[in-house]
Amino acid sequence: MTDTNAHLGLGEKKVDLPVRKGTIGPDVIDIGALYKNTGAFTYDPGFTSTASCESKITFIDGDEGVLLHRGYPIEQLAEHGDFLETCYLLLYGELPTAAQKKDFDYRVTHHTMVHEQMSRFFTGFRRDAHPMAVMVGTVGALSAFYHDSTDITDPHQRMVASLRMIAKMPTIAAMAYKYHIGQPFVYPQNDLDYASNFLRMCFAVPCEEYKVNPVLARAMDRIFILHADHEQNASTSTVRLAGSSGANPFACIAAGIACLWGPAHGGANEAALNMLMEIGTPDRIPEFIARAKDKNDPFRLMGFGHRVYKNYDPRAKIMQKTTHEVLAELGHTDDPLLQVAMELEKIALTDPYFIEKKLYPNIDFYSGITLKAMGFPTTMFTVLFALARTVGWIAQWAEMIEDPQQRIGRPRQLYTGAPKRDYVPLSKR
Ligand code: CMC
């Protein structure tokens, strides 16, 4: 809905730009006609003032520390719901009825097995490959295994591809882990819930009975809910951009996984835990705080700061509670990493540098300690993030494909290279 206009003057040229209002959140200035009317582009590296799309899925108020999925606060979803319910909500826009939930859970559960040939595909990787490298390759390869769900113009195929990815991601992630540690793959077991099934595929071995710990399964499920979607972050924007060309959904999700891997994004949970281990004891915290504040030192406090949250990340609060629950269940309450984390958080939250720059703990600050206590190696942390974020990527991808206004994403640039010049033959250079 267009409510009012913004007015821009560029030399002699004047242009009226429509201002659009969202349900909540800042207005946006629609600059679509800017180039046509003025011959100028906008310039916003890092997209700090640019909305790249219209979306009805997730809303963040970074100043207030609010995260809503389809209007529902993350705290309520994490407290009362389960991950597959959140998946349904993200995909279809409403919480499911009991019958819809039963049907959705059944459909996801019965897509968890992967093509048997996939297990041979895994063996092409080195055992010491980073599991995220394996994820990028194997998820991309799904398009070679499931040809019957790559036609993006067919709504049924899109739906099947979405269910397949939500269902198979835990199986693939567990296979990446098992391959990494040299243990046999464990097949999914359909009478288990999503999180329990994943824990079993990761930690069961054929020679022993494996019983899922319900506290750990609930924590795993909650970690999945907390990571399910986060509007137009780098990996989601990557998925949308890849999908805008008409690429198949498996390839688009593989592109999202590649982007997520970086330490400024999903790789931060691994980096945060490595940092806590490097700090080791609370007495070394001041040294690391000083390094984080030193302009000449590239070191950053991993798990702190966020492009959008200029307040406590609401996911971090829930994550902190989950960390305590898991450590209590496992009898690790005196975990030295937790002591370092709690002390570091306390110091950073009272330090003028961090206060002034509004640097608060983000979700990655506590997730690493929890995952480590549950038995995951640091190399698996970002894999778990990718597993959970898959639903967000798919929901955002589907929203884009179903948008009748959708066009290929094609940013422009400010060119500062050499002007036109003539080729100089090699003998004259
Ligand atoms: N430690 C110390 N200083 C920091 C930190 C930090 N973690 N984060 C930002 N700053 C400083 C930065 O040096 C800059 O200072 P100045 O204005 O004096 O140059 C200022 O704060 C603004 O930083 P920025 O890099 O311009 O902010 P950004 O919005 O581009 O970056 C960020 C956001 C998340 C990449 C960054 O805060 C960071 O690198 N944090 C550590 C990595 C991390 O925890 N990432 C996980 C993000 S949450 C999960 C996810 O999205 O995947």
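Just so we're clear, the structure is a prediction, and the values are computed from it rather than from any experiment.
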Judged by atom type as modelled, is there a donor-acceptor pair below 3.5 Å linking the side chain of [X] to the main-chain atoms of [Y]?
X      : Y      : result
Tyr35  : Thr42  : no
Arg70  : Leu90  : yes
Asp44  : Ser49  : yes
Arg200 : Tyr187 : yes
Thr50  : Phe47  : no
Asn362 : Tyr360 : no
Ser244 : Ile408 : no
Asp221 : Ala195 : no
Thr370 : Tyr366 : yes
His69  : Thr86  : no

Next on the checklist: If you define the side chain from C-beta out and look only at heavy atoms, does anything of Arg240 sit under 4.5 Å from Gln232?
Outcome noted: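 Arg240 vs Gln232: side chains touch.
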
Checklist entry - Within a strict 4.5 Å, meaning less than it, do heavy atoms of the Val114 and Ile172 side chains meet? => result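 Contact flag for Val114/Ile172 side chains = yes.
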
How are the rings of [X] and [Y] set relative to one another: parallel (under 30°), tilted (30 to 60°) or perpendicular (over 60°)?
X      : Y      : answer
His265 : Phe385 : perpendicular
Phe304 : Phe365 : perpendicular
Trp261 : His130 : tilted
Phe203 : Phe376 : tilted
Phe104 : Tyr92  : perpendicular
Phe125 : Phe121 : perpendicular

Salt-bridge contact [X]-[Y] (side-chain N to carboxylate O under 4.0 Å):
X      : Y      : answer
Arg107 : Asp103 : yes
Glu325 : Arg218 : no
Lys21  : Asp27  : yes
Arg20  : Glu54  : yes
Glu75  : Arg315 : no
Glu402 : Arg158 : yes
Lys56  : Asp403 : no

Checklist entry - Given the side-chain rings of Tyr309 and His230, with only the six-membered ring counted for Trp, is the space between their centroids under 6.0 Å? => result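 Ring centres of His230 and Tyr309 closer than 6.0 Å.
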
Checklist entry - If you take all heavy atoms of Val134 and Ala176, which pair is closest and at what distance? => result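 For Val134 versus Ala176, the nearest heavy atoms are CG1-CB, 4.1 Å.
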
Can you tell me how far apart [atom1] ([X]) and [atom2] ([Y]) are? Round to the nearest 0.5 Å.
X      : Y      : atom1 : atom2 : value
Gln320 : Ile369 : CD    : CD1   : 9.5 Å
Asn197 : Thr171 : CG    : OG1   : 6.5 Å
Leu338 : Leu276 : CG    : CG    : 9.5 Å
Leu226 : Leu77  : CG    : CG    : 10.0 Å

Item to check | Distance under 6.0 Å and angle within 45° of ring axis: Arg291 vs Phe299 | outcome: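 Yes, Arg291 lies over the aromatic ring of Phe299.
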
Item to check | Asn190 side chain to Thr109 side chain, donor-acceptor N/O pair below 3.5 angstrom | outcome: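 Absent: no donor and acceptor within the cut-off.
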
Just checking [X]: does its [atom1] atom have more than 12 heavy atoms from other residues, nucleotides or ligands closer to it than 6.0 angstrom?
X      : atom1 : value
Met113 : CE    : no
Ile29  : CD1   : no
Gln339 : CD    : yes
Arg127 : CZ    : yes

Item to check | salt bridge (Lys or Arg N to Asp or Glu O under 4.0 Å) pairs, two or more places apart, involving residues 358-383 | outcome: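 Counting only pairs at least two positions apart or across chains, no salt bridge (Lys or Arg N to Asp or Glu O under 4.0 Å) contact touches residues 358-383.
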
